[in-house]
Amino acid sequence: MIVEDKQKRYTLSDKTLFKRIFKYMKPHWWRYLVSIILMGVSVGLEILSPFLTHLALKELGKESISLSNHILFFILGIGSAILANLVSFFQNLFMHKTGQYIVYEIRREVFSHIQKFSHHQLNEIPVGTLVTRCTADINVLFTLYTSVLINILRYIATLIGVYVAMLILNPRLALIVLAIFPSVVALTVFFRIKLRKIHRDVRTEVSNMNAFLSENISGMKVTQIFNQEDKKYKEFEAANNRLKKASIKEIFTFGVFRPLIYVIYFVTVIVILYTGTNEAITLGFIGAITYDELYAFYQYISRFFNPIQNLADQYNNLQSAFAAAEKIYTILDIKPEILDSEDAIDIELEGTIEFRNVWFAYIEDEWILKNVSFTIHPKDVVAFVGATGAGKSTILGLITRNYDIQKGQILIDGIDIKKIKLSSLRSQIGQMLQDVFLFSGTIADNIRLNEETITDEDIKRACDEVNASHFIDKEELGIYAPVGERGNNLSLGQRQLISFARVLVHKPKFIILDEATSNIDTETELLIQDSLEKVIKNNTMIMVAHRLSTIQHATKIFVFDHGQIIEEGNHQELLKQRGRYYQLYMLQFERAKKYEDSSI
């Protein structure tokens with residue numbers, strides 16, 4: 001997909017990523033401070049445990065055995081290990097709660113940012129990609145905030161603490177460990193570059209898979225109708241195969257990395273045991289290691305390399321989190337095209353709309369509207385007609401500022417539309433679209449749209465006004481009858497009537513109908529026409545329609561052709577001109593007459 005190709009080229013340095021990731025941690029600094037303190041206590045107890053075991057064995061080796069000291073050191077050693085795990089448990093519990101606070105805020109930020117995108121931007125990005133950014137990618141960051149960063153500190157602190165303990169026990173053997181350590185660092189640096197790119201590819205393929213599934217499951221009916229299951233399965237198989245290959249590559253790369261670390265650990269243990277045993281046997285050697293010290297040193301070697309192996313795991317998680325963060329920032333770094341200007345104001349609209357020499361193009365230099373000028377007065381009923389692609393629906397999108405024009409000016413009540421706050425503008429405009437979208441929930445939920453000031457009585461009144469009560473009252477739960485996903489348990493006509501009720505209950509100053517009756521049956525169309533006659537006196541109404549029979553009552557009709565207004569007037573005036581409108585009307589009239597004759 002095009003968007004994912006762009007994301008592959010969008011990369012950030014680790015330093016930049018960490019700065020942006022750290023931003024979300026700042027408000028919770030005290031939680032991380034408490035966690036670091038608990039982690040320090042846990043690490044200290046873990047390092048102390050082998051040393052206490054060493055002291056217990058040392059007491060056991062004395063000629064005059066102090067049984068009480070021997071038992072005491074063993075109990076303290078075991079107790080410190082148990083207490084270390086207990087402290088670690090509470091620290092992990094604390095961090096998981098902190099991580100949930102952080103990812104909660106990130107989800108809010110990402111979703112809020114997506115809501116600011118223009119229609120053009122939302123059309124460019126697959127829905128599945130946006131869902132992945134808000135869910136799977138943020139879940140990867142959860143691991144980063146809860147365990148990865150803290151565990152990296154834990155393991156580094158453990159490495160330092162254990163090495164200091166080894167230096168105290170036996171400096172010569174400690175220097176052998178230090179000599180081997182650079183090979184671990186070199187190996188980590190090498191795999192760092194490999195893993196980062198691989199993780200980025202995996203996140204991209206996961207996003208592509210989600211985008212494919214979102215689109216094709218939604219369009220499954222079309223696939224089945226046209227018997228394209230095999231073709232779509234092959235497309236799915238290709239996407240699935242790319243994800244499989246990327247995941248296997250990730251597993252293989254990390255699968256090589258960790259065993260290599262273990263090999264280095266194994267070699268180190270052999271060298272230490274060989275050297276230490278020779279020293280212990282050489283009784284006359286000055287500074288020779290004793291068996292109790294050798295045992296403690298062996299335990300420390302395990303505690304030294306376990307963090308290194310665990311660091312490899314955390315490093316894997318860190319690279320995965322950085323790759324996910326990059327994907328999230330591809331969304332957050334997209335600047336919304338439509339924003340309030342600094343001097344934007346709230347305004348109570350009266351209803352005058354003026355287009356002055358407006359030029360607009362979705363793609364540069366491919367003009368949809370060319371030097372369009374017209375005025376709509378309060379309480380006017382205005383209709384736009386013309387061939388498909390003439391620019392009618394674009395006009396409606398510009399009035400609601402779903403897009404910004406390239407040239408000219410749009411004024412509402414004499415104020416440039418760009419100087420009116422989007423929330424103020426859109427809250428006073430109600431739209432009925434050709435493709436009605438209903439959310440899962442109830443009829444009341446879809447009409448109210450979370451506006452708590454709208455009461456059940458308001459909803460019932462609006463349903464009566466748009467003639468929707470005739471089917472809602474038949475439902476056992478009335479306005480609280482359930483609505484399936486996208487309203488799939490309702491007919492097209494029923495969904496359109498609910499959409500109309502949704503518009504009226506919010507009491508807009510402008511009502512926009514964009515082909516609102518093109519897909520519905522004649523009975524529902526008559527119900528909507530009857531409803532329009534009731535509300536037409538109190539609102540400015542703007543319509544786009546192909547059925548000219550639905551706009552004959554309009555006070556002004558604008559006829560568009562190739563992005564320009566070629567005729568304007570009311571229904572009778574345009575018929576008398578015998579121009580483009582007359583041709584469209586006669587064409588539809590003849591078709592309707594032929595249909596009636598064939599029905600007889």
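Just so it is clear, the structure is predicted and the values come from calculations on it, not from any experiment. The first residue in the sequence is number 1, and the count goes up from there.
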Could you tell me whether the side chain of L438 reaches within less than 4.5 Å of the side chain of R502, counting heavy atoms only? yes

Under-4.0 Å salt bridge between E205 and R242: yes

For Y101 together with Y145, are the ring centres under 6.0 Å from each other? no

Would you say N210 and R133 are linked by a side-chain donor-acceptor pair, where the criterion is simply a distance under 3.5 Å? no

Any luck finding a side-chain donor-acceptor pair between N371 and Q564 under 3.5 Å? no

Between A501 and A462, the two heavy atoms sitting closest are O-CB, 3.8 Å

For K232, is there an ion pair with E235 - N to carboxylate O distance below 4.0 angstrom? yes

Which word best sums up how the rings of F117 and H113 line up, parallel for under 30°, tilted for 30 to 60°, or perpendicular for over 60°? perpendicular

Salt-bridge present (K421, D346; N to O < 4.0 Å): yes

For a salt bridge (Lys or Arg N to Asp or Glu O under 4.0 Å) check, start with the C-alpha distance between R108 and E105, then their side-chain angles and the critical distance, and finish with the verdict. CA-CA 5 Å; R108 288 181 60 183; E105 291 300 328; 3.6 Å; yes

Output the distance between atom CD1 (I417) and atom OG1 (T400), rounded to the nearest 0.5 Å. 7.5 Å

Classify the ring geometry of Y585 against Y581: parallel below 30°, tilted from 30° to 60°, perpendicular beyond 60°. parallel

To the nearest 0.5 Å, what is the distance between CD1 (I447) and CG (L497)? 10.0 Å

Test salt bridge (Lys or Arg N to Asp or Glu O under 4.0 Å) on R448 and D456; report intermediate values, then the result. CA-CA 9 Å; R448 184 180 284 117; D456 286 357; 2.6 Å; yes

Would you mind reporting whether M432 and I511 have side-chain heavy atoms less than 4.5 Å apart? no

For I102 and H28 the tightest heavy-atom approach is CG1-CD2, 3.6 Å

Report the C-alpha separation of L243 and V206 in whole Å, then their side-chain angles, then the decisive distance to 0.1 Å, and conclude whether the side-chain contact (heavy atoms from CB on, under 4.5 Å) test is met. CA-CA 7 Å; L243 177 56; V206 167; 3.7 Å; yes

Candidate pair F437 and F439, rule ring pair (Phe, Tyr, Trp, His ring centres under 6.0 Å), full reasoning: CA-CA 7 Å; F437 190 95; F439 298 93; 5.0 Å; yes

Closest approach of L141 and A325, non-hydrogen atoms and distance? CD2-CB, 4.0 Å

Give the ring-plane orientation class for F374 versus F355, where under 30° counts as parallel, over 60° as perpendicular and anything between as tilted. parallel

Does some side-chain heavy atom of F560 sit less than 4.5 Å from a side-chain heavy atom of L369? yes

K556 side, atom NZ; I376 side, atom CD1 - distance, nearest 0.5 Å: 8.5 Å

Ion pair check, R461 and D458, cut-off under 4.0 Å: yes

Between R401 and I338, which heavy-atom pair has the shortest distance, and what is it? O-CG2, 3.4 Å

Could you point out which residue of D137, T204, T132 forms a side chain to side chain donor-acceptor pair (under 3.5 Å) with K327? T204

Verdict with reasoning, H506 to E451, per side chain to side chain donor-acceptor pair (under 3.5 Å): CA-CA 9 Å; H506 286 84; E451 182 58 60; 5.4 Å; no

Rounded to the nearest 0.5 Å, what separation is found between the CE atom of M209 and the CZ atom of F212? 7.5 Å

Minimum heavy-atom distance A554-I557, with the two atoms named: CB-CG1, 4.0 Å

Restricting to non-hydrogen atoms, name the atom on Q406 and the atom on A361 that form the minimum distance, rounded to 0.1 Å. OE1-N, 2.7 Å

